[in-house]
Visitor: 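Have a look at this one.
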Amino acid sequence: EKITVVKHRNSNDYWILTREFETANYCSFLLTESGVTEIPIISPVGKLIGGIKSKTIGCLKASLDGTKVAAAIWDNDLVEVLDFNNETGVLSNLIELNDFYLGQPYGVEFSPSANLLYVSEANNESVSNLYQYNLTLMDEGLINERREIISRVLPKSGALQIGPDLKIYQAKMENGFLAAINNPERIGAACNYEQDAVDLLGRTSRLGLPNLYTVELLLIDLGIKKKEQHDQFAIYPNPSTGVFNYILPENLTQFTIQIYSLDGKSIAYELNETFERSGQLSINEKSGVYIVVFQSEDEIYQTKLTIK
């Protein structure tokens, strides 16, 4: 549960993140084509967690854009939210979420833009709550004070997992359905929580859901197998309001520009026949994370773009 993965800023490598027990440390292990580094980057930014083993229970998740991490500490009634630098592997700026009705938070998941965080309780009381926290408020006190209760599940809810359709799915203990947050970027009841969204066809769920790297699976589905990075390749500003500039390597000749949503839909396409290495694009899309792909005859450059 306390492990997740984030793409390195260089678009080639990965960070494997975990949280140490009996310490306040988060550890970032760099994964490259040569293997996993034995010595991690250590960020001693959490609370000291130790004692009984039940304090290890709870999920660790990263946002789709790789800039935030959240960890549920089940038997401490605590969720830690941190910024993550996907170039250096360092975590910082701890926010503690601890205003739970019944306690024992278990599942965590970010909305596609990382503006909202959802937290599920997994306790043995009569109900387990699903919470929504607005991280754009920035202030720890305000984030806790203005949290929304989205639903109450009987008797115990489980993990949360964003899908390629950008909905967030929720496991429910010994239940024949998964719940879903159909519009996870919307505040409060407008997020459209659906209690029985996915019929498990006679099977029953327990607490867990696969901890998937959704963005990488999407790229495989799109057929983007060669993911190159280059010092001269950049898009900016990122995050963007929808208007962004690009710079491409000198050796790239005629190329196409394609922009995908995270559910695999192509939302923009342009053929560049003038061989200009730089330019500006504008897309009119809602807030979220998108995949921008520049492709010539023999090279592909791709990156994530966040729309604010």
Visitor: Restricting to non-hydrogen atoms, name the atom on Gln161 and the atom on Glu109 that form the minimum distance, rounded to 0.1 Å.
Guide: CA-OE2, 3.4 Å
Visitor: Search all heavy atoms of Leu142 against all heavy atoms of Leu137 and return the closest pair with its distance.
Guide: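 Closest approach of Leu142 to Leu137, heavy atoms only: O-CD1, 3.7 Å.
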Visitor: Specify the closest pair of heavy atoms between Pro40 and Cys27, including all atoms of both residues, with the distance to one decimal.
Guide: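 That closest heavy-atom pairing would be CB-CB, 3.9 Å.
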Visitor: Could you report the tightest heavy-atom contact between Glu38 and Phe29, atom names first, then the distance?
Guide: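 Closest approach of Glu38 to Phe29: O-CE2, 3.8 Å.
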Visitor: To check you understand the geometry: which heavy-atom pair defines the closest contact between Gly208 and Ala171, and what is its length?
Guide: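 Distance-wise, the nearest heavy atoms are O-CB, 4.0 Å.
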Visitor: Any salt bridge linking Asp196 with Lys172? Criterion: basic side-chain nitrogen under 4.0 Å from a carboxylate oxygen.
Guide: yes
Visitor: Testing Lys2, Glu80, Glu20 for side-chain hydrogen bond (donor to acceptor under 3.5 Å, both in side chains) with Tyr26, which one passes?
Guide: Glu80
Visitor: Tell me which pairs pass side chain to side chain donor-acceptor pair (under 3.5 Å) where either residue lies in residues 139-148, with sequence neighbours left out.
Guide: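 The answer is none; no pair qualifies.
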Visitor: Give me the atom names and distance for the closest heavy-atom approach of Ile143 to Tyr133.
Guide: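 Heavy atoms only, the tightest pair is O-CD2, 3.5 Å.
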Visitor: Are the aromatic rings of Phe294 and Tyr246 close, with centres under 6.0 Å apart?
Guide: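 Phe294 vs Tyr246: aromatic centres under 6.0 Å.
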Visitor: Mind checking ring pair (Phe, Tyr, Trp, His ring centres under 6.0 Å) for Tyr131 and listing every partner two or more places apart, or none if nothing turns up?
Guide: Phe100
Visitor: Going from CG on Asn25 to OG on Ser43, what distance comes out if it is rounded to the nearest 0.5 angstrom?
Guide: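 Result: 8.0 Å between the selected atoms.
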Visitor: Is it the case that more than 12 heavy atoms not belonging to Leu48 sit under 6.0 Å from its CG atom?
Guide: yes
Visitor: Same cluster for Ile49 and Leu97 if Ile/Leu/Val/Met/Phe/Trp/Tyr side chains link at under 4.5 Å?
Guide: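 Ile49 and Leu97: separate clusters.
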Visitor: Please report the interatomic distance CD1(Ile307) to CG(Leu305), rounded to the nearest 0.5 Å.
Guide: 4.0 Å
Visitor: Just verifying a value: how many Å separate Leu82 CG and Leu94 CG, rounded to the nearest 0.5 Å?
Guide: 5.0 Å
Visitor: Within this structure, what is the CD-OG distance for the pair Glu121 and Ser157, rounded to the nearest 0.5 Å?
Guide: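 Interatomic distance, Glu121 CD to Ser157 OG, rounded to 0.5 Å: 7.0 Å.
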Visitor: Of all residues at least two apart in sequence or in a different chain, which pass the salt bridge (Lys or Arg N to Asp or Glu O under 4.0 Å) check with Arg206?
Guide: Glu174
Visitor: According to a 4.5 Å side-chain heavy-atom criterion applied to Ile, Leu, Val, Met, Phe, Trp and Tyr, with indirect links allowed, do Phe21 and Leu60 form part of one hydrophobic cluster?
Guide: no
Visitor: Which residue in the set Leu30, Thr4, Ile3 passes side chain to side chain contact (heavy atoms under 4.5 Å, CB included) when paired with Ile16?
Guide: Ile3
Visitor: Are side-chain N/O atoms of Asp65 and Thr67 paired as donor and acceptor at under 3.5 Å?
Guide: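 Looking only at side-chain atoms, Thr67 and Asp65 do form a donor-acceptor pair, the distance falling under 3.5 Å.
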Visitor: Spell out, yes or no, whether Leu64 and Ile168 are grouped together once hydrophobic residues are joined by side-chain heavy atoms under 4.5 Å, including indirect joins.
Guide: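 Same cluster.
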Visitor: Let me confirm one number: the SG-CD distance from Cys59 to Glu1, rounded to the nearest 0.5 Å.
Guide: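 So the gap between those two atoms works out to 5.0 Å.
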Visitor: Roughly how far, to the nearest 0.5 Å, is the CG atom of Leu117 from the CG atom of Leu160?
Guide: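 It is 9.0 Å, given to the nearest 0.5 Å.
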